[in-house]
Amino acid sequence: MRITCRIKRYHPETDEAPYDRDYVVDVAPTDRVLDVLLLIKRTQDSTLAVRKSCGHGVCGSDAMVINGQERLACKTLVQDIATNDGDTLTVEPLRGLPVQRDLYVDQDAFFAKYRLVKPYLIRRDTEAEEGKQEFTQLPEVHRKFADQTKCILCASCYSSCPIANAPESEFIGPAAVVQASRFVFDDRDEGLEDRLPVLDASDGVWACENHFNCTRVCPRGIKVTKAINRTKRLIKQAREKSDQDV
Ligand code: SF4
Ligand code: FES
């Protein structure tokens, strides 16, 4: 099958603005979009910048906008997009993050927001408890955050979110809340209070307006909006409890 792959190209040091470049390629319907990009890089244009690592939907490094929607290039087949000779496959970098070159985006802001929520288990253990205690967990508790553990930090949700992408937005973004919720619903964690200044803020969970784009594009099938809304409810309960304790 012969298709056109239209790639958004941009080299900030030499180009005044991003532009589309078309490549005609012979592909099989079962080729992955990542295969197509690597074929172009190998046979037509070695200057094409594309990031990938695992090639199997695990590392999250090849998230990009394919025919208008955030997807992993390594998990998207040509036949998901193009089915006939002459069809066009469009490939653009993620939105809302600065383009470093072609399909490379600068992920620093995304990971800075991720780190803000302290995405690790927080305990108040005393030294006496360390190493002497086994933390058992009931399956029904694990189910409260199991979905969120699937996040691969690909930033697709961030790219698709109209709030995170609004000009001057400081919203921490869907992925950061997913990561926070992975821990705040874990009964071994004791760090809700440490995370509240970031989560319970106008740029935290409350900035989410339930557009559901994040849930639609997440390549891991995480119910992102649901995780955000459950985190909102948990914060409200924590506030009510602290009001009662006063
Ligand atoms: S929640 Fe889904 S879309 Fe967002 S970073 Fe994690 S895996 Fe990617
Ligand atoms: S290359 Fe790792 S997720 Fe696609």
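Numbering of residues begins at 1 and proceeds along the displayed sequence. In listed order, ligands and their atoms are each counted from 1.
Below the 2.8 Å limit, atom 2 (Fe) of ligand 2 has as protein N, O or S neighbours Cys54 SG, Cys59 SG.
If you number the atoms of ligand 1 from 1 as listed, the ones under 4.0 Å from a heavy atom of Ala155 come out as 5 (S), 8 (Fe). Ligand-side atoms of ligand 1 in range of Leu153: 5 (S), 6 (Fe), range being under 4.0 angstrom from any heavy atom.
Residues Ser159 and Leu97 fail the side-chain proximity criterion, which asks for heavy atoms closer than 4.5 Å. Counting heavy atoms from C-beta on, the side chains of Lys226 and Gln148 never come closer than 4.5 Å.
Side-chain contact annotation: Glu209 with His211, donor-acceptor N/O pair under 3.5 Å present. When only modelled atom types and interatomic distance are considered, Ser53 and Ser61 share no side-chain donor-acceptor pair under 3.5 Å. Side-chain atoms of Arg9 and Thr47 include a donor-acceptor pair closer than 3.5 Å.
Considering Asp35, Thr30, Asp87, Ile3 in turn, Ile3 is the only one that fulfils the side chain to side chain contact (heavy atoms under 4.5 Å, CB included) rule with Val78.
Atom CG of residue Asp85 and atom CZ of residue Arg2 lie 8.0 Å apart, to the nearest 0.5 angstrom.
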Could you walk me through whether Leu77 and Asp31 pass the side-chain contact (heavy atoms from CB on, under 4.5 Å) check? CA-CA 6 Å; Leu77 301 182; Asp31 282 344; over 6 Å; no
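In this structure, Arg51 forms a cation-pi arrangement with Tyr104, its terminal cationic atom sitting closer than 6.0 Å to the ring centre and no more than 45° off the ring axis. Stacking of Arg101 on the aromatic ring of Tyr10 is not recorded, the 6.0 Å distance cut-off and the 45° axial limit not both being met.
Protein nitrogen, oxygen and sulfur atoms, that is N, O or S, within less than 2.8 Å of atom 2 (Fe) of ligand 1 amount to 1.
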